[in-house]
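Letters A, B, ... are given to chains in the order of the sequence lines, protein chains preceding strands, and every chain is numbered from 1. Keep in mind that the numbers below use all heavy atoms, side chains included, and drop hydrogens, waters and symmetry copies.
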Amino acid sequence: MPELPEVETIARGVDKRVRGRTIVSVWLGSKPEPFRSEPAGIVDALTGSTIERVHRVGKHIVVDLARKGPAKRRAARRSVPDSGGQRPRLGQWLVHLGMTGRLLVCGPQEPLPPHTHAILELDDAREIRFVDPRRFGRLSVLDLSPPDEKPRKRAGESGTHSQGFVGTGQEPLEISLDAFRALFRGRRTPIKSALLNQSLLHGVGNIYADESLFRAGIRPRRQAGRLTGRELERLRGAIQSVLLEAIALGGSSVSDYVDADGAKGFFQLEHKVYLRAGEPCLACQTPIRRILIAGRGTHYCPTCQH
DNA sequence: AATGAAACCTGACAGC
DNA sequence: TGCTGTCAGGTTTCAT
């Protein structure tokens, strides 16, 4: 479901609602697909942790976690007090929503939707729920404790620093023009495919790739490495303006996307090409064309885009 | 190394 | 009503 603007909207909404709260219990469903870390490790890392901040990296929601001293269970089994107990244990909970994932904050009395795979009970009795019918979404945890405190498994996930998760590619809203141009140099793949490649830019998905290419006047099948410097400058500007406008409108609600409150976004009303195959181009009346690139539906105006 | 197709899942919708 | 086929905001894996 979600690309950068939707994930940003959800992360902001969740942050506003749960920052500072402590997770008192965790329930995980029995379907294995949503869990990229060991389920027991997820429960262990989340239970008793305080939510310091919720933010976005690429298409991931990143929840910064902290807790004082060693984990309760470990302390209880030890007879000798842990000397490192004063320093907070740090970690991150990573949420990727896949195509249909939702992260909801609500009261415990709210009816449980089908396909709920995780419930985090907070210290004010509210819950964070992860719901995902199609199960392309993924949950994982990173341990960011100092090495001397926890010499066991380190954060090994790709895109991870000792400082935390940084994602696989560059942030489209922050990348410089030079770095942007360098991303595509020598690549023979269609520019549309390159924009969807999260190890280059992360956060852009199918909707915003199509909308950005329309704004920049570039055909999606053009070879990425053959775009001119001027075209790449236009493309970077188009991506950034599309993403910022979409964030300002709360994202695109194409089917059932909603933010942490259950509210819809409005950027779908601004789509110029996405899902408009056969309809007249809003600039020139030419019917919008739909083709397949890298297995993804791709929409463009054959007159406005070259 | 890079590119593309297939696979992973369920649900909504169109057409018969 | 119920079947079939198509499509869907994403990523990973496997074969070229």
Spacing of [X] atom [atom1] relative to [N] atom [atom2], expressed in whole Å:
X       : N       : atom1 : atom2 : answer
E3(A)   : dA8(C)  : CD    : C1'   : 12 Å
R56(A)  : dG9(C)  : CZ    : P     : 19 Å
R102(A) : dA8(C)  : CZ    : P     : 20 Å
I61(A)  : dG9(C)  : CD1   : C1'   : 14 Å
H271(A) : dA8(C)  : NE2   : C1'   : 14 Å
E33(A)  : dA7(B)  : CD    : P     : 17 Å
L97(A)  : dT11(C) : CG    : P     : 10 Å
I293(A) : dG4(B)  : CD1   : P     : 9 Å

[X] vs [N]: side-chain N/O to OP1/OP2 distance below 4.0 Å:
X       : N       : result
R296(A) : dG9(C)  : yes
H96(A)  : dG10(C) : no
Q198(A) : dG10(C) : no
K59(A)  : dT11(C) : yes
R290(A) : dA8(C)  : yes
H115(A) : dG11(B) : yes

For the residue pair [Y] / [X], report whether a side-chain donor-acceptor contact shorter than 3.5 Å exists.
X       : Y       : value
D143(A) : S145(A) : yes
H117(A) : D132(A) : no
E171(A) : H202(A) : yes

If we check side chain to side chain contact (heavy atoms under 4.5 Å, CB included) with F184(A), which of these qualifies: L227(A), N197(A), L232(A)?
L232(A)
Taking the [atom1] atom of each, how far is [N] from [M], in whole Å?
N      : M      : atom1 : value
dG5(C) : dA7(B) : P     : 16 Å
dC9(B) : dC3(C) : P     : 23 Å
dA6(B) : dT6(C) : P     : 14 Å

When all nucleic acid strands are considered with a 4.0 Å heavy-atom cut-off, which category describes [X]: base, sugar-phosphate, or nothing?
X       : answer
Y274(A) : sugar-phosphate
G295(A) : nothing
P34(A)  : nothing
R138(A) : nothing

Using 4.0 Å as the upper bound for N to carboxylate O, is an ion pair formed by E33(A) and K31(A)?
no
Can F136(A) be said to stack with the base of dC8(B), given centres closer than 5.5 angstrom and planes under 30 degrees apart?
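Stacked: centres under 5.5 Å apart, planes under 30°.
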Measure from the side-chain heavy atoms of T189(A) and tell me the nearest of dA8(C), dT10(B), dG4(B).
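Nearest to the side-chain atoms of T189(A), counting from C-beta on, is dG4(B).
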Of all the choices, dG10(C), dC9(B), dT11(C), which nucleotide is nearest to the side chain of N206(A) once you look at every atom?
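So the side chain of N206(A) is nearest to dG10(C).
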Provide the Watson-Crick or G-U wobble partner of dA8(C), both distances under 3.5 Å; none if there is no partner.
dT10(B)
Both L196(A) and L275(A) contact DNA chain C. Taking the nearest nucleotide for each, which residue is further toward the 5' end?
L275(A)
In R56(A), K59(A), H55(A), the residue satisfying side chain to side chain donor-acceptor pair (under 3.5 Å) with E8(A) is R56(A)
Distance-only donor-acceptor test, R134(A) side-chain atoms vs dA8(C) base atoms, 3.5 Å
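Flag set: donor-acceptor pair detected.
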Let me check something: do L249(A) and I207(A) share a hydrophobic cluster, defined by ILVMFWY side-chain heavy atoms less than 4.5 Å apart, either directly or through other members?
yes
